[in-house]
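What you see is a predicted model, and the numbers here were worked out from it, not measured in a lab.
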Amino acid sequence: MSAVRVRQHVNPLCRKYQTPTEPPLWEKVYANPTQPLHLDIGCARGRFVLKMAQLQPDWNFLGLEIRQPLVEEANRLRDELGLTNLHYLFCNANNTLQALLSSLPPGTLQYVTIQFPDPWFKKRHQKRRIVQPELVNLLATYLAPGGLILLQSDIEEVAVEMQQRFANHPAFLSQNGDTWLPENPLPVPTEREIATQAKGEPVYRALFKKGQ
């Protein structure tokens, strides 16, 4: 299958992305919807959760992505591989996440990854960044006690902002203290992580746990 070509950055505040996406019927998406769920916000082509779903069949995986052609391609690949613990959803997480999380079977959301999100460097564009206080509050509400959130970026400014927003919320406990996490705790790196490390550049990581 040839790679789908799409715009690298999509403005989530654009008018065309302001209609929330309806949550799916989880019993139609997963063979066992009560398994623990790993949510990857901004999954791009979805190869990370694709590999994770193959490695961990006793978990369900959900990738969210705002670029619809990438979601369609990823779901086609999932179907070709016959994976019943993986789903990709085209949505704008800024306006869909609350309805999505509230529709999940209670207690199933146990891991969240936000990896190499669009940096939106210009000051006037930073409100487009995915990790806003509203997102942190939603994850504090719906993540199961003891659940984990992994943040990664190759842009230190973006990583610091994400880390501080979770560190400032009383529901979350840092698992790496005042330093960056030296290694990825997950068995699968993203394509961006592989490329960054191949260039000898740093990856800034932080891991948080939801309190009991």
Side-chain angles (χ1 to χ4, degrees), residues 1-105 108-118 128 130-131 135 138-139 142-143 147-150 152 184 186-195:
M1 181 186 298
S2 60
V4 173
R5 301 186 67 178
V6 295
R7 292 184 61 185
Q8 184 175 1
H9 302 293
V10 172
N11 177 9
L13 303 181
C14 180
R15 183 177 179 181
K16 67 180 290 187
Y17 297 114
Q18 295 316 297
T19 301
T21 300
E22 289 290 324
L25 296 175
W26 301 111
E27 63 272 18
K28 293 186 177 181
V29 166
Y30 299 120
N32 181 0
T34 65
Q35 290 188 153
L37 177 69
H38 180 144
L39 172 66
D40 190 39
I41 300 176
C43 68
R45 297 187 185 277
R47 299 304 190 261
F48 163 72
V49 280
L50 179 75
K51 293 178 181 177
M52 288 291 293
Q54 293 170 304
L55 287 175
Q56 299 181 348
D58 55 342
W59 278 69
N60 290 330
F61 292 86
L62 176 64
L64 305 185
E65 175 55 46
I66 198 170
R67 292 167 292 182
Q68 189 169 9
L70 297 185
V71 173
E72 293 172 351
E73 176 195 45
N75 276 324
R76 282 196 297 270
L77 182 55
R78 173 210 60 193
D79 291 345
E80 289 174 8
L81 294 173
L83 296 171
T84 60
N85 65 328
L86 173 64
H87 186 65
Y88 300 95
L89 187 67
F90 161 62
C91 72
N92 179 353
N94 298 75
N95 59 29
T96 297
L97 199 58
Q98 181 167 10
L100 184 72
L101 297 182
S102 65
S103 73
L104 292 170
T108 55
L109 180 61
Q110 296 188 27
Y111 212 119
V112 178
T113 41
I114 304 173
Q115 305 183 87
F116 305 92
D118 289 344
R128 302 176 184 179
I130 186 61
V131 178
L135 179 139
L138 283 173
L139 294 180
Y142 293 103
L143 186 66
L148 296 171
I149 296 179
L150 176 65
Q152 293 199 88
N184 189 337
L186 294 172
V188 176
T190 70
E191 294 171 277
R192 182 63 174 266
E193 182 179 358
I194 293 170

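- For Glu72, the CD atom sits in a packed shell: over 12 heavy atoms of surrounding residues, nucleotides or ligands are nearer than 6.0 Å.
- For Pro23 against Ala99, the heavy-atom pair with the smallest separation is CG-O, 3.5 Å.
- The only option from Leu37, Leu143, Asp40 that meets the side chain to side chain contact (heavy atoms under 4.5 Å, CB included) definition with Val112 turns out to be Leu143.
- The shortest side-chain heavy-atom distance between Leu104 and Leu39 does not fall under the 4.5 Å cut-off.
- Side-chain contact between Asn75 and His87 is present, with at least one heavy-atom pair separated by less than 4.5 Å.
- The shortest heavy-atom contact between Pro105 and Pro33 is CG-O, 3.5 Å.
- Looking at residues two or more places apart in sequence or on another chain, you find a ring-ring contact (aromatic ring centres under 6.0 Å, His included) between Tyr111 and His38.
- Shown here are the side-chain contact (heavy atoms from CB on, under 4.5 Å) partners of Glu193, two or more places apart in sequence or in another chain: Phe116, Gln152, Asn184, Pro189, Thr190, Gln197, Val203, Arg205.
- One distance of note links CD of Gln35 with CZ of Phe61; it measures 9.0 Å at 0.5 Å rounding.
- Arg192 has its side chain out of reach of Gln115: every pair of non-hydrogen atoms, C-beta onward, lies at least 4.5 Å apart.
- In this structure, the side chain of Tyr142 does not engage the main chain of Leu109 through any donor-acceptor pair within 3.5 Å.
- Trp26 has its side chain within reach of Leu62: a pair of non-hydrogen atoms, C-beta onward, lies under 4.5 Å apart.
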Is there a side-chain contact (heavy atoms from CB on, under 4.5 Å) between Leu186 and Leu150 once you walk through the steps? CA-CA 9 Å; Leu186 294 172; Leu150 176 65; 3.8 Å; yes
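- The side-chain contact (heavy atoms from CB on, under 4.5 Å) test applied to Leu25 returns Glu27, Lys28, not counting sequence neighbours.
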Indicate every side-chain donor-acceptor pair of residues 48-56 with a distance under 3.5 Å to a residue at least two apart or in another chain.
none

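- Distance check: Leu148 CG to Thr113 OG1 gives 11.0 Å after rounding to the nearest 0.5 Å.
- The backbone N or O of Gly147 lies less than 3.5 Å from no partner atom in the side chain of Gln110, so there is not a single donor-acceptor pair.
- Glu73 pairs in a side chain to side chain contact (heavy atoms under 4.5 Å, CB included) with only one of the listed residues (Arg45, Arg67, Arg78), which is Arg45.
- Counting only distance, with no hydrogens or angles, the side chain of Asn85 and the backbone of Asp58 share no donor-acceptor pair below 3.5 Å.
- Surrounding CD of Gln98 are at most 12 heavy atoms belonging to other residues, nucleotides or ligands under 6.0 Å away.
- Under the rule for a side-chain contact (heavy atoms from CB on, under 4.5 Å), Asp79 has no partner lying at least two apart in sequence or in another chain.
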Could you go through Leu89 and Leu100, starting from their C-alpha distance and side-chain angles, then the distance that decides it, and tell me whether this counts as side-chain contact (heavy atoms from CB on, under 4.5 Å)? CA-CA 10 Å; Leu89 187 67; Leu100 184 72; 3.7 Å; yes
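- Evaluation of the side-chain contact (heavy atoms from CB on, under 4.5 Å) rule for Leu135 yields Ile41, Leu97, Ile114, Ile130, Leu139, Phe166 as partners, not counting sequence neighbours.
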